[in-house]
Amino acid sequence: MSLVEGGEVKKITDYEKLIKYFGVSKIEPILDRFKEPHRLLKRNIVFAHRDFDKILDEVDKGNIFAVLSGRGPSDRMHLGHLTLYEFNLYLQKKMGANVYIPFSDDEKYVFKKVESLEKAKYLALDNALDIIALGYDPRKTECFISTELPWVYKTAIKLSRHLTYSTVKAVFGFKGENNPGEIFYSCIQMAHILYPILVYNLPTVVPVAIDQDPYIRISRDVAEKIRVFKPAGIYLKYLRGLTGEPMSSSQPETCIFATDSPEEARKKIWNAFTGGQPTVKEQREKGGNPDICVVYEMLNIYFIEDDKEMEKLRSDCINGNILCGECKLKLTDYVIKFLEKHKREREKYKYKLKEFFIHEIDEDLLAKLP
Ligand code: SF4
């Protein structure tokens, strides 16, 4: 079974199968080693890991570790993207991690997801602002744009000798029509992943959606060859979009962007896919199905911290004690509060963004950010 084709990984949601296929471990047995486990851990959205127990051994010894969490800037960020960075922020605040965020303008350019490098750089700053506005600590966070840091190219060149074209082709599923930039990008990405290990000698974990595991595996193989710490992985489940389809920035109706207006968010939530019945009467008689409901899923993943409140919502849904309109209003309320706060935080952090980057950033691009 190949999950990768042309550098894109197919989305499979049978998690037991994925755990076996990728040879990763379930998160459950190590859950009590996390300090105040985050909602995403308790609800099994962060569901698997590779060698994170080794990182926890370092935490137990009082040592610092690194979280490496890159972002490909090809569009605005939506709530699904921010979930990963909310989890990384938890690792920084509660587990003491330093967080490193490379923005791969080069990747989005060579894979033709943006029309120019300039556009990718602008989006990198816009995305960085969304991430940093969640509340990152500048003393424990480093950001860089890939083409702006000469270290990346030099390291990618050095690492390239430890890979062969057939490995890259097999791991990423490249075909004859891929351009050389796409193929070399595998070396660039290895440099990103190994950055905190090579520069700071820090044990590193890479939290990603499970489909990104091939990138971690290839970096682990090379780390072993050059005798440095092999990066660990933490894996998140795929998050569904509002329509029930995968969330995608190119289909705005599937996701809430961090910079959406309250009106845009309200409209999208009102059209969201639910597990409700076609009529109020049937809903009262038969109840709804929270297991297929996106509104329920969004409340569970993004907003409601209290487990008891989630249990009550679930039983109210199943027993027909609540209508979909009420849930949508509840979700809208949470989303709008988040968007309003996020807007204020973006404004606050806009001119502090420089403190998070380890190279100069373009002031003109910064001034253009919303
Ligand atoms: Fe979903 Fe709420 Fe409708 Fe149940 S009542 S299906 S949880 S929107």
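Computed from a predicted model, the values in this text were never measured in an experiment. We count ligands from 1, going down the list as the structure has it; atoms in each ligand are counted the same way.
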Practice item. Report the part of Arg314 in contact with ligand 1, treating N, CA, C, O as backbone and CB onward as side chain, heavy atoms under 4.0 Å; options are side chain, backbone, both, neither. Key: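 Answer for Arg314: neither.
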Check your understanding: What residue and heavy atom of the protein are closest to atom 5 (S) of ligand 1, and at what distance?
Key ->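 The closest one turns out to be Gln283 NE2, 3.4 Å.
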Practice item. Scan side-chain atoms only and decide if Asn127 and His81 contain a donor-acceptor pair under the 3.5 Å cut-off. Key: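 His81 and Asn127 do not have a side-chain donor-acceptor pair below 3.5 Å.
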Review point. Asp213 and Tyr235: side-chain donor and acceptor closer than 3.5 Å?
Key: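 The answer is yes; a qualifying pair exists.
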Review point. Sub-3.5 Å donor-acceptor pair from the side chain of Thr254 to the main-chain atoms of Ser248, do we have one?
Key: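 At least one qualifying donor-acceptor pair exists.
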Practice item. Using a strict cut-off of 4.0 Å, indicate which atoms of ligand 1 neighbour a heavy atom of Ile322. Key: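 Within the 4.0 Å cut-off of Ile322, ligand 1 contributes 5 (S).
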Review point. What is the number of protein N, O or S atoms that sit under 2.8 Å away from atom 1 (Fe) of ligand 1?
Key: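 Under the 2.8 Å cut-off, the count stands at 1.
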Review point. Parallel, tilted or perpendicular: which fits the ring planes of Phe52 and Phe34, with parallel below 30° and perpendicular above 60°?
Key: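 Parallel, since the angle between the ring planes stays under 30°.
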Side-chain donor-acceptor contacts of residues 186-193 below 3.5 Å, not counting sequence neighbours, with atom names and distances?
unit_1: Ser186; atom_1: OG; unit_2: Ile183; atom_2: O; d: 2.6
unit_1: His192; atom_1: NE2; unit_2: Ser146; atom_2: OG; d: 2.8

Review point. Looking at residues at least two apart in the chain, or sitting in another chain, which of them share a salt bridge (charged side-chain N to carboxylate O under 4.0 Å, His left out) with Lys225?
Key: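 Partners of Lys225 by the salt bridge (charged side-chain N to carboxylate O under 4.0 Å, His left out) criterion come out as none, since no residue qualifies.
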Practice item. Sequence neighbours left out, what passes salt bridge (charged side-chain N to carboxylate O under 4.0 Å, His left out) with Arg33? Give chain and number order. Key: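 Here the qualifying residues are Asp57, Asp60.
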